[in-house]
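Please read the structure below before turning to the comments.
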Amino acid sequence: MRKFLLIALCVLLMVPSLAFAAGKATIEQEKVYLFKGEYSSYTYATTFLEVVNTGDKAIEMDQGTFEVFDANGDVMDDTSLYSFFPKFVEPGESCYVSAYIMLSDKEPKDVDDYSIQVSSKSAKVSTQYLKVVDAKLIEVPSYPGSDRMTTKLSIVVENDTAETLYDISAAAGAYDADGKLLFCVSGNEDFGLLPGSQAEFRLDVDETATAALDQAADPDSGMSLVKNIKALAFVDAGW
């Protein structure tokens with residue numbers, strides 16, 4: 001009898017842990033670039049993040065902060081992280097976010113450390129994902145008729161539902177040969193995508209990341225470091 005009561009008590013103690021299981025925002029990968037333009041008095045601290053929901057319930061990305069510190073441990077500046085793509089993240093899925101800080105009259109070497117934090121809360125709506133047909137880097141004229149080329153990340157999406165979809169977003173992370181995040185891109189378009197039809201997003205690659213990668217890959221193009229692209233498209237009910 002005593003053994004039966006002990007087993008029953010253990011089962012009851014396990015119930016609350018199951019009932020209160022929740023989602024959790026975890027920074028899967030982060031990349032920070034410190035870069036100063038040749039003719040600029042500003043040093044740019046730019047961060048790119050891949051955040052994964054490591055829990056078992058959907059989450060809503062709430063907020064985040066990006067801070068940089070000097071050698072004395074003092075905060076040089078900070079900025080908020082708020083444009084998460086997507087904002088509502090299902091269990092096991094990723095979202096991307098980027099942000100930058102402009103430091104006046106500072107050199108990259110003046111930045112000694114940084115801190116990145118993100119938070120989330122329980123989601124009340126879910127994200128509807130679309131089919132990604134293709135994702136790749138492309139070179140296009142900077143403006144019509146220009147000989148100067150600029151790099152964009154092309155994402156082709158398909159409406160594989162039976163309904164016309166509106167307010168579609170796309171995001172992607174670019175990774176090197178070791179699977180390390182190099183940068184991420186995101187964008188939103190307010191158009192109607194008919195069932196069975198496709199649309200292309202041409203998303204800008206951050207100039208800070210482009211310049212920093214070009215330096216790292218010298219004499220080759222920094223974009224040659226990109227070996228894999230992880231893309232997603234969705235209709236986010238939170239926008």
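Only this structure's heavy atoms are used, side chains among them; waters, hydrogens and symmetry mates stay out.
For Glu163, the CD atom is loosely surrounded, since the number of other residues' heavy atoms within 6.0 Å does not exceed 12. Atom OH of Tyr143 has 12 or fewer neighbouring heavy atoms from other residues, nucleotides or ligands inside a 6.0 Å radius.
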- Go through the steps to decide whether Thr46 and Asp206 satisfy the test side chain to side chain contact (heavy atoms under 4.5 Å, CB included), and finish with yes or no. CA-CA 9 Å; Thr46 306; Asp206 184 271; 4.1 Å; yes
- Full working for side chain to side chain donor-acceptor pair (under 3.5 Å) between Glu60 and Ser120: CA-CA 5 Å; Glu60 176 184 351; Ser120 63; over 6 Å; no
- May I have the step-by-step check of side chain to side chain contact (heavy atoms under 4.5 Å, CB included) for Tyr33 and Tyr100, ending in yes or no? CA-CA 9 Å; Tyr33 293 104; Tyr100 69 90; over 6 Å; no
- Message: With side chain to side chain contact (heavy atoms under 4.5 Å, CB included) as the criterion, how do Asp167 and Asn188 come out once you've worked through the C-alpha distance, each side chain's angles and the decisive distance to 0.1 Å?
- Response: CA-CA 7 Å; Asp167 200 18; Asn188 174 266; 3.0 Å; yes
- Determine, step by step, whether Glu28 and Ser94 satisfy the side chain to side chain contact (heavy atoms under 4.5 Å, CB included) criterion, reporting the C-alpha distance in whole Å, the side-chain angles of both residues, the deciding distance to 0.1 Å, and the verdict. CA-CA 9 Å; Glu28 179 75 5; Ser94 298; 5.9 Å; no
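The minimum heavy-atom distance between Phe88 and Tyr129, with the atom names listed, is O-OH, 4.3 Å. Contact between Leu153 and Val205 at its shortest, heavy atoms only, is N-CG2, 4.2 Å.
In this structure, the side chains of Asp70 and Met76 come closer than 4.5 Å at one or more pairs of heavy atoms. Side-chain contact between Tyr114 and Phe66 is present, with at least one heavy-atom pair separated by less than 4.5 Å.
Here the CG atom belonging to Leu130 is positioned 9.0 Å from the CD atom belonging to Glu158, to the nearest 0.5 angstrom.
With hydrophobic clusters built from ILVMFWY side chains whose heavy atoms lie under 4.5 angstrom apart, Leu213 does not share a cluster with Ile138.
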